[in-house]
Amino acid sequence: MTISIRRDGTTGTRHILKIRNHEIPVDASPAGGGSDAGPEPHDLYDASLAACKALTVLIYARRKGIPVEDIEVVVDRDASEERKGVYRLKSGLRLSGELSEAQRDELLRVAGKCPVHKLMTEVKTEIETGWAD
């Protein structure tokens, strides 16, 4: 799969991110020299964790017949020590539905095992940067 991003126009810092048939505006924050015309890259990184946890919990609950009605995942970022090599994300789940404590505990455990969580914490990512064809 290929993901591409291209500058949107000739002024400003807004770009359009293309993933399959989806387009997402991306921009820098005003503090970063942008106009906040879309999420910044760190936002997308953090959001991928939230989305993965939500989808993982929903798919698991459906497969196991657990009556989840609504799922919300909140991610808070602490990037104060990022330059020192520590980037902290704290995720919290809100679930609704007729759930027992055991089911809630099971879904919380499952959320902690979502693929993006594992990717962020257990996998070494190697990145190569070169000229596109």
Side-chain angles (χ1 to χ4, degrees):
M1 181 183 75
T2 301
I3 296 172
S4 69
I5 188 162
R6 188 171 208 162
R7 191 166 178 201
D8 181 18
T10 58
T11 61
T13 55
R14 185 174 188 248
H15 286 66
I16 299 298
L17 174 66
K18 292 185 179 185
I19 305 170
R20 293 186 309 279
N21 294 323
H22 308 284
E23 294 186 354
I24 303 165
V26 180
D27 198 0
S29 68
S35 59
D36 200 26
E40 62 184 13
H42 279 76
D43 297 336
L44 298 173
Y45 181 81
D46 303 351
S48 69
L49 179 67
C52 186
K53 287 183 180 295
L55 290 168
T56 298
V57 167
L58 178 62
I59 292 166
Y60 181 89
R62 284 181 175 171
R63 192 175 68 225
K64 295 291 187 173
I66 299 173
V68 171
E69 292 175 10
D70 194 24
I71 300 168
E72 181 181 9
V73 178
V74 178
V75 173
D76 291 309
R77 169 193 316 150
D78 177 357
S80 63
E81 296 184 32
E82 180 181 359
R83 294 193 185 268
K84 295 178 184 176
V86 180
Y87 187 78
R88 292 182 180 91
L89 297 175
K90 180 179 179 183
S91 64
L93 272 65
R94 292 187 183 114
L95 304 175
S96 66
E98 296 291 324
L99 303 170
S100 68
E101 282 305 309
Q103 288 171 324
R104 292 176 61 78
D105 291 344
E106 182 177 0
L107 294 175
L108 185 61
R109 180 184 54 76
V110 167
K113 294 182 176 184
C114 83
V116 171
H117 184 129
K118 286 182 178 180
L119 184 64
M120 290 176 165
T121 60
E122 298 177 13
V123 175
K124 177 182 177 185
T125 301
E126 297 180 359
I127 300 171
E128 179 181 328
T129 303
W131 298 110
D133 296 330

Can you tell me if [X] has over 12 outside heavy atoms packed within less than 6.0 Å of its [atom1]?
X   : atom1 : result
E98 : CD    : no
R6  : CZ    : no
R83 : CZ    : no

Would [X] and [Y] show up in the same hydrophobic cluster when neighbours are defined by side-chain heavy atoms closer than 4.5 Å?
X    : Y    : answer
V57  : L55  : no
V68  : V110 : yes
V116 : Y87  : yes
L17  : L49  : no
I16  : V26  : no

If you measure from [atom1] on [X] to [atom2] on [Y], what distance do you get to the nearest 0.5 Å?
X    : Y    : atom1 : atom2 : answer
E82  : H42  : CD    : NE2   : 3.5 Å
S91  : D46  : OG    : CG    : 11.0 Å
C114 : K53  : SG    : NZ    : 4.5 Å
I19  : I24  : CD1   : CD1   : 4.5 Å
T56  : H117 : OG1   : NE2   : 11.0 Å

Testing the basics here: between [X] and [Y], what is the closest heavy-atom pair and its distance to 0.1 Å?
X    : Y   : answer
L44  : P39 : CD2-CG, 3.9 Å
L107 : A61 : CD2-CB, 4.1 Å
P25  : A37 : CB-O, 3.6 Å

- Task: Salt-bridge test for R94 and D70: reply yes if a basic N is under 4.0 Å from a carboxylate O, no otherwise.
- Result: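 Salt bridge: no.
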- Message: Taking transitive links into account, so neighbours of neighbours count too, which hydrophobic residues share a cluster with V86 at under 4.5 Å side-chain distance?
- Response: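 The other cluster members (ILVMFWY side chains, heavy atoms under 4.5 Å, direct or chained): none.
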Does any N or O in the side chain of [X] come within less than 3.5 Å of the main-chain N or O of [Y], such that one atom is a donor and the other an acceptor?
X   : Y   : value
R7  : G12 : yes
D27 : D36 : yes
K18 : S4  : no
D43 : E40 : yes

- With sequence neighbours excluded, residues passing side chain to side chain donor-acceptor pair (under 3.5 Å) with Y45: none
- Might you work through the side-chain contact (heavy atoms from CB on, under 4.5 Å) test for L89 and R77, ending with a clear yes or no? CA-CA 5 Å; L89 297 175; R77 169 193 316 150; 4.0 Å; yes
